[in-house]
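Inspection log for the structure reproduced underneath, given as structure tokens.
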Amino acid sequence: MDNKLSIYNSLSRKKEQFIPLNPPFVGLYVCGPTVYSNAHLGHARAYVTFDLLYRYLMHLGYKVRYVRNITDVGHLENDADEGEDKIEKRARLEQMEPMEVVQKYINTFLKNMEQLNILHPSIEPRASGHIIEQQELIKSILKNGYAYETNGSVYFDVEKYNKKYNYGKLSGRVLEELQVNTRNLEGQDEKRGPFDFALWKKASPGHLMRWPSPWSEGYPGWHLECSAMSTKYLGEVFDIHGGGMDLQFPHHECEIAQSTAAQGKESVKYWMHNNMITINGQKMARSLNNFIMLDQLFSGDHPLLHQAYSPMTVRFFILQAHYRSTIDFSNEALQAAEKGLQKLMKANEALNRLKPSLSSSVDISQLKARCHEAMDDDLNSPILISHLFEGVRIINAAVDGTERVSTSDIETLKRLFRTFVFEVLGLINEEAGSADDKLTGNLMKIIIDLRQDAKNRKEWTISDNIREKLKKAGIILKDLKDGAEWEIE
RNA sequence: GGUCGGUUAACCGAGUGGCUAGGUAGUGGUCUGCAAAACCAUUUACGGCGGUUCGAAUCCGCCACCGACCUCCA
């Protein structure tokens, strides 16, 4: 198992060599969605990013336990302590049970993830299924003196925590400065400090989702679930915690505080954050009302979209940028990704009919080494893709006869594509299958042979007519040096 | 206002103190009955002003602009 992989640790703000705590095992926790609405382009970016990490770690031979939670309770809107629960709000709007809402959006979320060929995590725990664990965690924090109870609610004492530990180390914030720069929010008299956050909230009379607890009938605070579930499934200390950059503060900061307050030590070794997707230079945000849902992207049904984009086009678009950069959405960029992906997939198919030469005029093993280097360098998928396009050029040139590739190098290339294009980048050839249907294949052979006869007699009107009519039927015909190839549009 | 990050050619998007990233689009050529594809060649770059250096787009400083976080967000 090689350990050349380096990843950017948000905690140290630099690239660090990845050294697992207990090789060959790796514990990976990623903040999953709050299931109160359909999944959007931003979700795709986050989960494609960590899917890439998951796939590459497995490729390196690690045994990864990947935990991605589903938030189905406790996530409030607006001010963290006064807002309405997102799930409950949606339940009221759609006149459903909260858990019906949860199920509905879990179903579409998982469907979208499958469309994007994102592998299922090892465990997808739900917050509502871990109320006991969350309560136990609160008890530990209370016992250690870093939380207090007011009116049946329990809050984390940030100021006290900050005296011994460092609240703000992940996001680079200093508590005193935060306090100076923050306006006093109203309606927070239950809390001792403005940055204290809820661990347990007493349910108001109309609140639907509620559980008994030593403090009140209520529900857990949002930040708690990740600490509780990561500890349960990955242990007190584990390797990697991931999520969107926007979660760094306050969510991940609070997670660090909770775990540290409960166990006296931090739980995460490497923090990784993916950057945002922007639309016309601005972050996609609910408040800006510029969301594009994945279903809309796949169907083209959105005012900003000129056309539909397939799941693999979206995946490839995301992978063509580095995960720590913002990517700006545009139709042009998506269309460029679509074309590029087609080129990659066609070259992969051409690989199968490549005629070997006695020797090679290209260095395939060097290409392979470069692919690994790119991924080892903080998952540099754009560089990896650029190397794969060098492979594309070699394949096409070999088909044309301007480069030579030996039998063993063809095998290496095939392995290279299988490994990096399909296993690591997780791409799928969406257009594959045209030749799978034997009957169609036979019919097409007859048509192509008849057309070839016409061509041999230089009856161009007939041959062009056949090509034209096939096109209308959705079949693209391309003449080769000997014969022709076809594909379904 | 505080903190952090960015500004790369027509568009997207990497990277580096001196060596063509890549994709898409454009132009010219090869191939072809034509078309498509492919191949070869090729145009417009590193926000501005200084500084360090033999050499900077890459390091430093200042300025301009953009964005993120500081409230829910992937």
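Below, all heavy atoms of this structure are taken into account, side chains as well, without hydrogens, waters or symmetry copies.
Both A:M276 and A:I383 sit near RNA chain B, but only A:I383 has its closest nucleotide nearer the 5' end. Comparing A:K343 and A:S171 along RNA chain B, the residue whose closest nucleotide (by nearest heavy atom) sits nearer the 5' end is A:S171.
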Inset, instruction - Starting at the 5' end of RNA chain B, write a dot or bracket for each base, bracketing those in Watson-Crick or G-U wobble pairs whose two distances are under 3.5 Å and using | for partners on another strand. - result: (((((((..(((.....[...))).(((((.......)))))....(((((..]....))))))))))))....
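Distance noted for atom C1' between B:G5 and B:A37: 42 Å (whole Å). Distance noted for atom P between B:U3 and B:C12: 31 Å (whole Å).
With B:A74, B:G23, B:C72 as the choices, the nucleotide that has an atom nearest any side-chain atom of A:H40 turns out to be B:A74. Considering only the side chain of A:P382, B:A14 comes nearest among B:C73, B:C72, B:A14. Here the nucleotide nearest the side chain of A:D479, chosen from B:G15, B:C72, B:C34, is B:C34. When the nucleotides B:C72, B:G33, B:C11 are ranked by their closest atom to the side chain of A:D464, B:G33 comes out on top. If you check B:A74, B:A14, B:G23 against the side chain of A:N380, the one that comes closest is B:A14.
B:G33 has its base stacked against the ring of A:W460, the centroids being under 5.5 angstrom apart at an interplanar angle below 30°.
Between the CD1 atom of A:I395 and the C1' atom of B:A37 there is a distance of 15 Å, given to the nearest Å.
Side-chain contact between A:N38 and A:Y105 is present, with at least one heavy-atom pair separated by less than 4.5 Å. Counting heavy atoms from C-beta outward, A:Q115 and A:K111 have side chains that approach closer than 4.5 Å. With a 4.5 Å cut-off on side-chain heavy atoms, A:P121 and A:I123 do not count as touching.
Counting atom types as modelled, A:R467 pairs a side-chain N or O with a base atom of B:C34 as donor and acceptor under 3.5 Å.
Contact annotation for A:L344: no contact, since no heavy-atom pair falls under 4.0 Å across all strands.
If you look at A:Y161 and A:Y165, their ring centroids are closer than 6.0 Å.
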